[in-house]
2 protein chains.
Amino acid sequence: MSSLSTQPEFSPRQNAVLDSALRLLVDGGERALTTAGVARAANCSKESLYKWFGDRDGILSAMIGYQASKVRTLEERAETLTVDSLRAHLVVFARDLLDVLSGDVSLALNRLAIGQASRDGSHLGQMLQERGRRQIGKRAGGLLDAGRRAGLLRFDNGEEAYGMLYGLVVTDLHLRMLLGEDMKLTKQDFSRRAERAVDAFLDLCGTKKQTAKP
Amino acid sequence: MSSLSTQPEFSPRQNAVLDSALRLLVDGGERALTTAGVARAANCSKESLYKWFGDRDGILSAMIGYQASKVRTLEERAETLTVDSLRAHLVVFARDLLDVLSGDVSLALNRLAIGQASRDGSHLGQMLQERGRRQIGKRAGGLLDAGRRAGLLRFDNGEEAYGMLYGLVVTDLHLRMLLGEDMKLTKQDFSRRAERAVDAFLDLCGTKKQTAKP
DNA sequence: GAAGAACCGTACCGTACGGTACTCATTTTG
DNA sequence: CAAAATGAGTACCGTACGGTACGGTTCTTC
């Protein structure tokens with residue numbers, strides 16, 4: 001149905017408009033994201049907005065697609081894994097995951113998509129799921145598979161193992177951030193949180209006893 | 001600041017109005033929750049709505065408070081815990097947690113509060129957090145503490161242990177449901193999911209080896 | 001049973017937004 | 001250079017919503 005990787009995306013000018021729109025959304029929430037506001041912030045006319053994106057929903061979809069295209073996940077290179085390097089990679093992944101989920105733009109877009117979820121044909125949630133989680137989940141899946149191939153991890157279902165890791169890392173932090181809870185204190189704790197979550201995950205799915213924890 | 005347990009709540013008539021409003025919210029999302037719509041659905045006048053609840057935000061707050069008052073968590077009675085009865089209690093708790101989070105009203109209210117999170121003085125998220133999670137977290141905390149006192153669980157920080165349990169049970173299910181993903185299939189799997197999550201949690205924090213898993 | 005409060009239904013007002021139409025300047029194209 | 005296209009800026013329209021005011025009806029209270 002969709003043209004997938006070869007979709008034409010948008011022109012630089014249109015991307016600049018989408019940047020303005022994202023900025024507007026981050027600063028003021030969905031209520032601030034009016035067509036007139038986007039036009040004013042981007043120094044373009046409303047007519048151009050409708051010509052380029054069709055309607056307001058088209059702008060929202062384009063914003064999600066544009067943002068997703070900006071945060072492409074870097075592919076890990078294959079490497080000979082040891083117990084400690086696997087743990088290190090997992091900690092980096094967990095840390096990155098927390099950073100992504102707590103980012104301004106990510107939170108704003110998730111709030112936007114969630115707000116539209118109860119509408120009829122709102123593919124925004126699906127888009128966000130497809131182009132956000134699926135990407136980062138693929139990165140984790142690769143890492144976990146590599147760990148299993150190296151005999152360092154043991155699990156039946158890769159999806160389930162990833163779910164364990166995700167749950168241990170994120171718990172209910174994402175929801176609390178989406179609800180607007182102040183995370184200034186918690187953010188300083190992300191590294192420790194990532195380490196402890198990975199340690200727990202290795203307790204569950206690791207085959208070798210890791211070096212003693214403090 | 002707040003009057004806590006002895007707050008006057010609302011009259012039966014007003015609760016009926018709030019029920020209609022919740023119904024409206026569940027069916028049509030926030031856009032359907034207009035003052036005129038609530039008045040029509042509840043067979044009351046807009047003037048009464050403003051008299052009772054102040055303004056639209058007052059209606060939203062009242063809806064959250066009312067819903068929270070309906071799902072009061074039942075207090076577990078103290079009991080001599082064994083390995084198996086602790087596991088059984090934890091599985092029931094996990095199952096209940098999944099059922100609550102996947103409920104229509106819960107999802108609708110969470111979407112509502114998340115949508116308002118980017119507003120200035122939106123205490124809705126805080127309310128939902130305070131009267132929702134805190135309640136169910138207290139139930140889990142009691143259970144975990146009892147398990148520790150019985151020598152069946154080992155953990156330093158109760159909050160952190162609860163976080164582990166929550167993460168293993170819920171993973172990213174809540175977010176996916178909030179984004180509108182179809183959960184017909186997943187819901188049939190809640191019991192198995194609860195069991196496997198509790199087993200993993202006991203692997204992490206349990207002191208005794210549980211009976212063999214299939 | 002009369003006085004008064006509570007309340008329903010509706011009409012009304014101001015505002016804000018989505019979307020369209022139009023004018024004029026700038027750029028592109030033959 | 002002329003013609004065509006592109007796009008900014010603005011004005012405009014219809015609609016929908018939050019909030020208020022008012023007339024009429026039912027319920028309470030003495």
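Sequence lines set the chain letters: A, B, ... in the order given, protein chains first and strands last, and positions in each chain run from 1.
If you check dA8(D), dG7(D), dC17(D) against the side chain of T34(B), the one that comes closest is dC17(D). Set against dG9(C), dT6(D), dG19(C), the side chain of S45(B) has dG9(C) as its closest nucleotide. Which of dG19(D), dG19(C), dC17(C) sits closest to the side chain of R56(A) comes down to dG19(C). Among dG9(C), dG19(D), dG9(D), the nucleotide with an atom closest to any side-chain atom of Y50(B) is dG19(D).
Each of T35(B) and N43(A) lies near DNA chain D, and the nucleotide nearest N43(A) is the one positioned closer to the 5' end. Place R13(A) and R31(B) on DNA chain D by their nearest nucleotides, and R13(A) ends up nearer the 5' end.
The CZ-C1' distance, from R40(A) to dG18(C), rounds to 14 Å in whole Å. Rounded to a whole Å, the CZ atom of R119(A) is 12 Å from the C1' atom of dG18(C). To the nearest angstrom, P of dC17(D) lies 10 Å from NZ of K46(B). Going from atom CG of D57(A) over to atom C1' of dC17(C) covers 14 Å, rounded to whole Å. Separating the CH2 atom of W52(B) from the C1' atom of dC7(C) is a distance of 7 Å, rounded to the nearest angstrom. With rounding to whole Å, E47(B) atom CD is found 12 Å from dA11(C) atom C1'. Atom CG of L49(A) is separated from atom P of dT20(C) by 12 Å (rounded to the nearest Å). Q14(B) has its CD atom 7 Å from the P atom of dC7(C), to the nearest Å.
Ion pair R193(B)/D189(B) not flagged as a salt bridge, since none of the NZ, NE, NH1 or NH2 atoms sits closer than 4.0 Å to an Asp/Glu carboxylate oxygen. Remark: D19(A) does not engage R23(A) in a salt bridge, criterion side-chain N to carboxylate O under 4.0 Å. Salt bridge absent: R196(B) and D199(B) never bring a charged side-chain N and a carboxylate O closer than 4.0 Å.
To the nearest 0.5 angstrom, R154(A) atom CZ is 8.0 Å from D156(A) atom CG.
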Give the C-alpha distance, both sets of side-chain angles, the deciding distance and a yes or no for side chain to side chain donor-acceptor pair (under 3.5 Å) between R95(B) and S191(B).
-> CA-CA 6 Å; R95(B) 182 63 222 245; S191(B) 288; 2.6 Å; yes

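Residue S48(A) places at least one side-chain N or O closer than 4.0 Å to OP1 or OP2 of dA8(D).
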